[in-house]
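Notes follow the structure.
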Amino acid sequence: MFKATKAFSSFSVQDIPKAKQFYGQTLGLEVSEANGLLTLQLAGGGTVMIYPKSNHAPASFTVLNFPVGDLEETVNELTKRGVVFERYDMPEIKVDQKGIHRGQGPDIAWFKDPAGNILSVLKPD
């Protein structure tokens, strides 16, 4: 039924201009805006729609993952750009001083967008 449909993901934010600046300038993605909505252009032709929601509640799970070739370099560069990585210290998830979780699945580091949605950069196995 949906085999030929070009699906896309979406999530909400409370402030479209802040989201546009973060995704476009801080993360360096191609961002377009139309009718009050943002569209992120992802490598490989995928898109993500970001829509405003006045009673936005941040997602409690990772909404967008960015596979990278060099996780350490990416974390360092994003830190220079003002991104703050999450500091998890739970029995099943612990991160190092840079915010990188290692050793269980792919190495991964989580951070939040200005609306509090969780994103990640990860080094695929």
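Side-chain contact between Ile100 and Val95: absent, with no pair of heavy atoms (C-beta onward) separated by less than 4.5 Å. By the 4.5 Å heavy-atom criterion applied to side chains, Gln41 and Thr47 are counted as neighbours. You'll find the side chain of Ile118 stays beyond 4.5 Å of the side chain of Glu86, heavy atoms only. By the 4.5 Å heavy-atom criterion applied to side chains, Leu119 and Val63 are counted as neighbours.
Pairs passing the side-chain hydrogen bond (donor to acceptor under 3.5 Å, both in side chains) check and including a residue from residues 67-77, sequence neighbours excluded, read Glu72-Lys98, Glu72-Arg102, Asn76-Lys98, Glu77-Arg81.
For Phe66, the CZ atom sits in a packed shell: over 12 heavy atoms of surrounding residues, nucleotides or ligands are nearer than 6.0 Å. Environment of CG in Asn55: crowded, with over 12 heavy atoms of neighbouring residues, nucleotides or ligands closer than 6.0 Å. With a 6.0 Å radius and a threshold of 12 heavy atoms from other residues, nucleotides or ligands, Lys94 has its NZ atom above the threshold. Counted within 6.0 Å of CD on Glu30, heavy atoms from surrounding residues, nucleotides or ligands total 12 or fewer; the atom is thus considered open.
A perpendicular orientation is assigned to the rings of Phe111 and Phe85, their planes being inclined by more than 60° (bins at 30° and 60°). Aromatic ring orientation, Tyr88 versus Trp110: perpendicular (interplanar angle above 60°, classes split at 30° and 60°).
In this structure, Asp113 and Val13 approach most closely via the heavy-atom pair OD2-CG1, 4.0 Å.
Here the side chain of Lys123 pairs a donor or acceptor atom with the backbone of Gly69 at under 3.5 angstrom. Although no hydrogens or angles enter the test, the distance criterion places a donor-acceptor pair under 3.5 Å between the side chain of Asn117 and the main chain of Ala59. A donor-acceptor contact shorter than 3.5 Å is absent between the side chain of His101 and the backbone of Ile93.
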